[in-house]
2 protein chains.
Amino acid sequence: MATTISDIARLAGVSRATVSRVINNPEQVKEKTRNKILRIMEEQNYVYNALAGGLSKNSTRTLGLIIPTITNPIFAVSTKGIQNAAAARGYSIILGSTEYAEGMELNLVRLYLEKRVDGIVFTGNPQDPRTAEYLASRQIPYIVTWEVSQSDRVPFVTFNNIKAAYQVVDYFISMGHRRIGMISGRFYETGRAKKRWEGYVEGLKNWDVPYDENIVIQKEYSVASGREAMGRLLRDPNPPTAVFCGNDILAYGAIAAAKEHKRSIGTDLGIIGFDDLEMSAVMDPPLTTVRIPGHEMGSMGANALIDIIEGKTTETVQYVLETDLILRSSVPKLK
Amino acid sequence: MATTISDIARLAGVSRATVSRVINNPEQVKEKTRNKILRIMEEQNYVYNALAGGLSKNSTRTLGLIIPTITNPIFAVSTKGIQNAAAARGYSIILGSTEYAEGMELNLVRLYLEKRVDGIVFTGNPQDPRTAEYLASRQIPYIVTWEVSQSDRVPFVTFNNIKAAYQVVDYFISMGHRRIGMISGRFYETGRAKKRWEGYVEGLKNWDVPYDENIVIQKEYSVASGREAMGRLLRDPNPPTAVFCGNDILAYGAIAAAKEHKRSIGTDLGIIGFDDLEMSAVMDPPLTTVRIPGHEMGSMGANALIDIIEGKTTETVQYVLETDLILRSSVPKLK
DNA sequence: TTAAATAATGTAAACGGTTACATTTATAAA
DNA sequence: TTTATAAATGTAACCGTTTACATTATTTAA
């Protein structure tokens, strides 16, 4: 039915090897022969079979990518970075999301191994201990992004979550705030959430501000959660004057809740987010937030991984990129 | 190196066929034998080779998905619908985005065919005429979502873009607006943008409101574009009192611009978006917008496609789902 | 018991490429 | 010319599965 390399070979009066060569190493075959074969492939609507090719070459030039959820636009930007870098080097990517569901991570890794991807890009460390075990017993290059990897055998490219959070607290303090709450992502869902919280705790400690668990709330990353959490904070007998949100999505919800409570963000209440999504600049008020190098992180990660796959390097990369606190108008100066 | 079915067979003292059966039709092999094989597979860390499997089965249980950009969260929701439905039927998906770049669509289709996906889900009709031609000459099931397909041989699942836009205009009129502008997506980038514009035009005509090209602007879908476009509209000598935005992202930018111009949305200026993203409800003011059935569209599309792949149907599905105009507070009543 | 029917397993070709090695053809040097 | 060398092509085994068909083992019925 579908034309194969053999059909083309027969039609062109050459061997399969020659056809294979025009596909993989065109310069090895005489121009005249090559053109003839190319023409016939065209005429026959030949489509290369990557399954067969991958099987015999033992390589698919494909990267597997695992993200938490496709729904949060911040992962779109690092994915784009990965996509671009991979494409530039002739690799394509398979994208899968765990949606924070138990077992999905392992499923995806299994799937990727079965499909014989050449390498895997993780968003954060593998969360499920079974995943780590599985990876260890099989043999596949992978890299973690968004976090420092747990083992120093595993390469990573990240930014400093702790430091970024620390700087947020610093900034709040510098603006005169002492009662600083936090709406965090769930620790068990992502290691990053915990790191940001650690940075927050450290920041407080550094300024001798007592940690008060009543004004730190763990919630899933969603607008609704942010709104709910902020509602609760504002009903506290001693409500915070400043709130650090674990990501911009939570911050959007927090902003909405604050308005419902007739609080005026940027004049009597401060909010800072994390990620710097496209929309954050047009929030009302424009949201002060931490800008992270998503695109760069993705492309550096993909390149490093491909280097490993192609044997171009033996060292384990450990990149830590810089973040920026983008000052806008959501934090008032208290006197 | 890697263990194969042959290794397992040898170790278990059975033939490859038997091992293959425990993978594909476990009930066909005697329990005792099966357990032994399963145990050995476990011990040897056996990983199924989907390339080899796909090659001989001539099926990969994989769907290729083409979206415009991963950056717009609205495509995340339909993708999720597709993902879920596919997973439920044992299919996995490969996701690729064109980023509206010339030639990417055809590239993706080529890639998917080479990888032997069982079917392709398009977001909108193939934009590039070469894609259509390519698809026609090869032989692969596909479905279009988000739009009515161009040929009645190709199945689609969509909502009525024209009607939804028409209703937006209707609503503006009912609120007393007569000067209604539009910030549209680019026609050449997506057919949907044009449809929405058509609905807008039709709506105006229906109420005998003259069409004024000075207050319709085509822009790429981005916050920055929305802002820019709205700025321009408001500088018009006879600015609109109501603006229909081709999607919510544009609307966010438009809201920001309106505020910069000291216009009060919901009291002296009306804005309506399209998509109903998660953030739209927490905009200030909450954005009136068209809710589209993204998730449902995705899952219905995937299911219909899989039905075709598995030969469970011969008819060409043509689903048109309903949209809802979600009334919030971004449109004032004019007297 | 034995024959017939059924269940379990094995055999071997096929899927569509790649590639080490061998052979043929063309080109350059003597 | 002849020979040495390089370029172009061919041969055939291999990659890891599946599956139609054949064979053997087990169960059931007579």
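So that the names make sense, note that chain A is the first sequence line, chain B the second, and so on, each numbered from 1. Keep in mind it's a predicted model, so treat the numbers as computed, not measured.
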Tell me: CZ of Arg21(A) to P of dA7(D), nearest whole Å?
14 Å
Assign each of Val14(B) and Leu51(A) the nucleotide of DNA chain C bearing its closest heavy atom; nearer the 5' end lies the nucleotide of Val14(B)
5'-most by nearest nucleotide on DNA chain D - Thr33(A) or Thr4(B)
Thr33(A)
Rounding to a whole Å, what distance do you find between Asn49(A):CG and dC15(D):P?
18 Å
At a heavy-atom distance below 4.0 Å, which nucleotide of DNA chain C is the first touched by chain B, and which is the last?
dA8(C) to dG16(C)
Over how many whole Å does the gap from Lys32(B) atom NZ to dA25(D) atom C1' extend?
13 Å
Nucleotide dT18(D), atom C1' - distance to CG of Asn58(B) in whole Å
12 Å
Could you state the CD-P distance from Gln28(B) to dT24(D), rounded to the nearest angstrom?
20 Å
Those residues that, when tested against Tyr48(B), pass ring pair (Phe, Tyr, Trp, His ring centres under 6.0 Å) (two or more places apart)
none
Thr69(A) and Phe75(A) have their tightest heavy-atom pair at O-CD1, 3.4 Å
From CD of Glu31(A) across to P of dA7(D) the rounded distance in Å is 16 Å
Specify the residue among Gly13(B) and Ile5(A) whose closest nucleotide of DNA chain C lies further upstream toward the 5′ end.
Gly13(B)
I'd like to know if Glu43(A) pairs up with Arg39(A) as an ion pair, taking the criterion as any Lys NZ or Arg NE/NH1/NH2 lying under 4.0 Å from an Asp or Glu carboxylate oxygen.
yes
Value in whole Å for how far the P atom of dG16(D) lies from CZ of Arg116(B)
20 Å
Separation between CD1 (Ile8(B)) and OG1 (Thr3(B)), nearest 0.5 Å, reads 5.0 Å
Would Phe156(A) and Tyr319(A) satisfy ring-ring contact (aromatic ring centres under 6.0 Å, His included), going step by step from the backbone distance to the final call?
CA-CA 6 Å; Phe156(A) 62 82; Tyr319(A) 295 140; 8.5 Å; no
Nearest-Å distance, CZ (Arg16(A)) to P (dA12(D))?
11 Å
Is there a donor and acceptor pair closer than 3.5 Å between the side chain of Ser56(B) and the base of dT17(D)?
yes
Mind checking if Thr18(B) touches a base, just sugar-phosphate, or nothing, with heavy atoms under 4.0 Å?
sugar-phosphate
Taking only the side-chain heavy atoms of Leu55(A) (C-beta and beyond), determine which of dC15(D), dT9(D), dT17(D) contains the nearest atom.
dC15(D)
Would you tell me whether Lys115(B) and Thr62(A) have side-chain atoms, one donor and one acceptor, within less than 3.5 Å of each other?
yes
Here the pair of heavy atoms bringing Tyr221(A) nearest to Gly185(A) is CE2-CA, 3.5 Å
